[in-house]
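Here is how names work: the chains are called A, B, and so on, in the same order as the sequence lines, proteins then strands, and each is numbered from 1.
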There are 2 protein chains.
Amino acid sequence: MSKPAFLPHDHNHQRCIDAALAEARAICQRKHSRLTPQREQVLRLIWQEHRPIGAYELLDKLREEGLKAAPPTVYRALEFLQENGLIHRIESLNAYTGCSHPSEPHASQFLVCQQCQRVAELGSEQIAEQLSEQARRAGFASAHQTVEIRGTCAECLRHFHV
Amino acid sequence: MSKPAFLPHDHNHQRCIDAALAEARAICQRKHSRLTPQREQVLRLIWQEHRPIGAYELLDKLREEGLKAAPPTVYRALEFLQENGLIHRIESLNAYTGCSHPSEPHASQFLVCQQCQRVAELGSEQIAEQLSEQARRAGFASAHQTVEIRGTCAECLRHFHV
DNA sequence: AAATAATCGAAACATTATAACATTTCTTTC
DNA sequence: GAAAGAAATGTTATAATGTTTCGATTATTT
Ligand SMILES: [Zn+2]
Ligand SMILES: [Zn+2]
Ligand SMILES: [Zn+2]
Ligand SMILES: [Zn+2]
């Protein structure tokens, strides 16, 4: 993990979007997963911001873009994208965010800024390992970890002096 | 943390209930928080099992016990109990579970068994510290942590060979 | 007792997610 | 290319979870 967790608020975000979509297409091609136009559209909408987006907010955006969509449309796309490791669900927000490094399976921890609502992904194997280890000491076999840290990002700390 | 995370399936659970209610009463008395009969009833229902319980499941149980309850009845009680540190919300389940050591504020990590649905609370300050520290390295100021580990508890590992 | 604050009752409403089944599109096989 | 099978999508309805509002009641303080 060399990349900074949160990019500056004014970074060139179009690059994030383009890179995420390109990587998604490559991954799906490799896996023979069908990243259909609708699914790609949903992924693109999710990547519009680093702020997680809810299913119904996505639904609205799909409709704004002219698609005749109903809730299942969105939830099916979300399911596909999750199964293929392209997005994560943020449990504490009931919302979805693009995965920052979808190419390899990984444990994730999320930093959720209360001020700007952005989310960044830590990919600390160390944390994941320690969690698994502590669980193991209780005789517990870990299958999946949900780690979400709510707080204030560096930029918001500077701007709002919270 | 000396107590085992998961108690045996066949432990004397009435003791858990009684102890939890007694501790809750003591805490609320000390804090001048009003643990009304309704709130205590909800807490007792939550402690009926080590399995987290959803708001509407609670609502049903309240009605079974003769209370004329509506959703706000439950959610208000849950809010009170959470504010007073007597219960935790398990985000990945949309459900609530009794706090195992409500007397002092503490970070919590939850082990959630996929087989028996029980939840145990780790209270590892070490994990909490490491998470805060890793976040801090990203310039992020932690305010609250959600840590939920899904997997299989020791007893279920033995019984079901998963 | 009166004033104030906290709690509760009740109805409506809002948000998030899934079930069920029909239709279309894509892929494979012949 | 046509037929069969599989995957994806459309459509409607409904389930599950959570909130707002406002008035009535109860508890606490003065
Ligand atoms: Zn970006
Ligand atoms: Zn921020
Ligand atoms: Zn018990
Ligand atoms: Zn278990």
Restricting to nitrogen or oxygen on both sides, can you table the protein-nucleotides 22-27 of chain C pairs closer than 3.5 Å?
none

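- For B:H9, there are no ring pair (Phe, Tyr, Trp, His ring centres under 6.0 Å) partners at least two apart in sequence or on another chain.
- Judged purely by distance below 3.5 Å, without hydrogens or angles, the side chains of B:T152 and B:Q115 pair a donor atom with an acceptor atom.
- Residues from residues 38-49 of chain A with heavy atoms under 4.0 angstrom of DNA chain D, sorted by number: A:Q38, A:R39.
- In this structure, B:Y75 places its OH atom 17 Å from C1' of C:dA10, rounding to the nearest Å.
- In this structure, CD1 of A:I53 is placed 11 Å from P of C:dT16, rounded to the nearest angstrom.
- A side-chain N or O of A:Q145 and one of A:S132 form a donor-acceptor pair less than 3.5 Å apart.
- Under the rule for a salt bridge (Lys or Arg N to Asp or Glu O under 4.0 Å), B:E79 has no partner lying at least two apart in sequence or in another chain.
- We find that CG of B:L78 is positioned 12 Å from C1' of D:dT17, with the value rounded to whole Å.
- Backbone-only contact: A:Y96 has heavy atoms under 4.0 Å from sugar-phosphate atoms and none from a base.
- A:T73 and A:Q38 form no side-chain donor-acceptor contact under 3.5 Å, judged by distance and modelled atom types alone.
- One atom, CD of B:E79, and another, P of D:dT17, lie 19 Å apart when rounded to the nearest Å.
- The ring pair (Phe, Tyr, Trp, His ring centres under 6.0 Å) contacts involving residues 125-150 of chain B comprise A:F6-B:F140, where partners must be two or more places apart or lie in separate chains.
- Atoms NE2 (B:H32) and C1' (D:dA27) sit 15 Å apart, rounded to a whole Å.
- Within the 4.5 Å cutoff, no side-chain heavy atoms of A:Q29 are placed close to those of A:I27.
- Contact annotation: the side chain of A:I46 never approaches that of A:L86 to less than 4.5 Å [non-hydrogen atoms, C-beta and beyond].
- Along DNA chain C, the nucleotide closest to B:P72 and the one closest to B:P37 are compared, and the more 5′ of them pairs with B:P37.
- For B:R89 and D:dT17, the shortest distance from a side-chain N or O to OP1 or OP2 is not below 4.0 Å.
- Counting to the nearest Å, the C1' atom of D:dG18 and the CG atom of B:N94 are 10 Å from each other.
- A:E40 has a carboxylate O that lies under 4.0 Å from a charged side-chain N of A:R25, or vice versa, which qualifies the two as a salt bridge.
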Legend entry - Chi angles and distances behind the salt bridge (charged side-chain N to carboxylate O under 4.0 Å, His left out) call for A:R136, A:E129: CA-CA 10 Å; A:R136 202 196 52 72; A:E129 255 314 306; over 6 Å; no

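- A 4.5 Å side-chain heavy-atom check between B:T36 and B:R39 finds at least one atom pair inside the cut-off.
- Applying a 4.0 Å cut-off to non-hydrogen atoms, the residues of residues 56-70 of chain B that approach DNA chain D are B:Y56, listed by residue number.
- Atoms CG (A:L93) and C1' (C:dT16) sit 13 Å apart, rounded to a whole Å.
- The nearest whole Å value for the distance from the CD atom in A:E83 to the P atom in D:dA7 is 12 Å.
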